[in-house]
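Note that the coordinates shown come from a computational prediction; the quantities given were computed from them, not determined experimentally. Every chain is numbered from 1, with letters handed out A, B, ... down the list of sequences.
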2 protein chains.
Amino acid sequence: MGRWEPGAGGRLREAALALFVERGFEQTMVADIAARAGVTARTFFRHYADKREVLFDGAAELQERALAALAAVPPGTGALDAVAAALDVVAELLGDDREFARRRQAVIMADTELRERELAKFAALSAALADALRQRGTDALEADIAAETGVAVHRVAYERWLAAGDGADADLRDVIHTALARLRALTAA
Amino acid sequence: MGRWEPGAGGRLREAALALFVERGFEQTMVADIAARAGVTARTFFRHYADKREVLFDGAAELQERALAALAAVPPGTGALDAVAAALDVVAELLGDDREFARRRQAVIMADTELRERELAKFAALSAALADALRQRGTDALEADIAAETGVAVHRVAYERWLAAGDGADADLRDVIHTALARLRALTAA
DNA sequence: AGTCTGATGTCACCTGATGACATCACTGGG
DNA sequence: CCCAGTGATGTCATCAGGTGACATCAGACT
């Protein structure tokens, strides 16, 4: 199958991230990314649906793992706890390399279009979790609320984890658990 | 000030919604919208930053009113209750004309780009509410969680309200209150 | 009447994105 | 050892979204 230099997709991803960090998202043209990766712009769009997607192609695998984790939760577990278990797996993957995550986040936060795409990815994860909850028998409204609020708390915690000092809050999962506890306290008030 | 036919912004908005309903968002070109409104494409972009924004220009006012409502909440009120009060005002405006809301929602749900933009608008509302909460003394983490989960519940309820039969769940605010009660029950479990 | 102002038209141009077709390297069969 | 098939890539053409620069025209103000 391969020819020329294999691994064009990976090279494009690295080239894109590097250029986005250097000049910013808008200032980087697809032709530049492709040139740095040693391919043409047309090839870029064969690997990624659009210019933004190059920063989000890991989301599909993340979602798969989250759904697998949710499927492994024993039946009868509360909806919110089930979502929390699924997001624990996400946190494990996401929380692996804080420095990389910070660089990526800096690029995303600096551009409106990228923030929109990130929100869409989290929304897709939430919708998938809600679907899975419904399929395991959870009431539809309860499933939606558990998934949406669970993912919302996850996002808040993720941003705090990124913003925290190098020593503090080292484990993303701990930050998420703290945030979840805060939600429980809030709603109980 | 105006010359030619005044009210170009409003005409463009109506023309856009009509065309989006007829052919869909992607199939509608900015030039078509402008032509139906009796202006040129260049003028469209003077009124709306991009093609999507024509469906979301009410969001700014919505956010203002929500913040005003939040400011009117007596100090000492719990963060989640304060957010709920702000979203009640949003619901009052949003829940005015269900048929219009349904047509608009059908257009938005049919297109990925539009869904992304809608998520961004809700995220902006959430961020603004969290900011306001912090300024009235709420702890930062608590403010983020209250705003994010509050808006998340609001979104879930809004979608259910749109999907409900013509007679059922007539008042959006009731649907939201039901959903909020469900969140409290979920987190208490 | 003269001038100023603001919204619009006109023109040129860039970039993201896509379709159609050619091309090249590698694969597997003969 | 050659050859047809396959898939990723290059090349070319084209479209739509979006923006800057400049001209223009109607009404407001003096």
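When the P atom of D:dA8 is taken as reference, atom NE2 of A:H47 falls 8 Å away, rounded to whole Å. When the P atom of C:dT10 is taken as reference, atom CZ of B:R46 falls 11 Å away, rounded to whole Å. Atom-to-atom, CG of A:D111 to P of C:dT15 comes out at 16 Å; the value is rounded to the nearest Å. With rounding to whole Å, A:Q27 atom CD is found 17 Å from C:dC14 atom P.
Nucleic acid contact class of A:A31 (heavy atoms, under 4.0 Å, all strands): none. Within the 4.0 angstrom heavy-atom criterion, base atoms lie near A:T40.
Positionally, the nearest nucleotide of DNA chain C for B:G9 lies more toward the 5' end than for the other of A:A41 and B:G9.
Annotation: A:R65, atom CZ; neighbour count of heavy atoms from other residues, nucleotides and ligands within 6.0 Å does not exceed 12.
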Please set out all donor-acceptor pairs under 3.5 angstrom arising from side-chain atoms of residues 158-168 of chain B, sequence neighbours excluded.
unit_1 : atom_1 : unit_2 : atom_2 : d
B:R160 : NH1    : A:D144 : OD2    : 3.2
B:W161 : NE1    : B:D169 : O      : 3.3
B:W161 : NE1    : B:A170 : O      : 3.0
B:D166 : OD1    : B:R102 : NH1    : 2.9

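B:R104 forms a cation-pi arrangement with B:F56, by the criterion of a distance under 6.0 Å to the ring centre and an angle within 45° of the ring axis.
The same ILVMFWY cluster, assembled from side-chain heavy atoms under 4.5 Å apart, contains both A:L12 and A:V21. By the rule that hydrophobic residues join a cluster once side-chain heavy atoms approach within less than 4.5 Å of another member, A:F100 and A:V54 end up as members of one cluster.
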Can you name the atoms? Protein N/O to nucleotides 13-16 of chain D N/O, anything below 3.5 Å, with the distance.
none

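Donor-acceptor pairing under 3.5 Å, judged by distance alone, is absent between the side chain of B:R52 and the base of D:dG17.
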Please test A:K51 against A:E26 for salt bridge (Lys or Arg N to Asp or Glu O under 4.0 Å), starting from the C-alpha separation and ending with a verdict. CA-CA 10 Å; A:K51 192 177 140 190; A:E26 280 193 63; over 6 Å; no

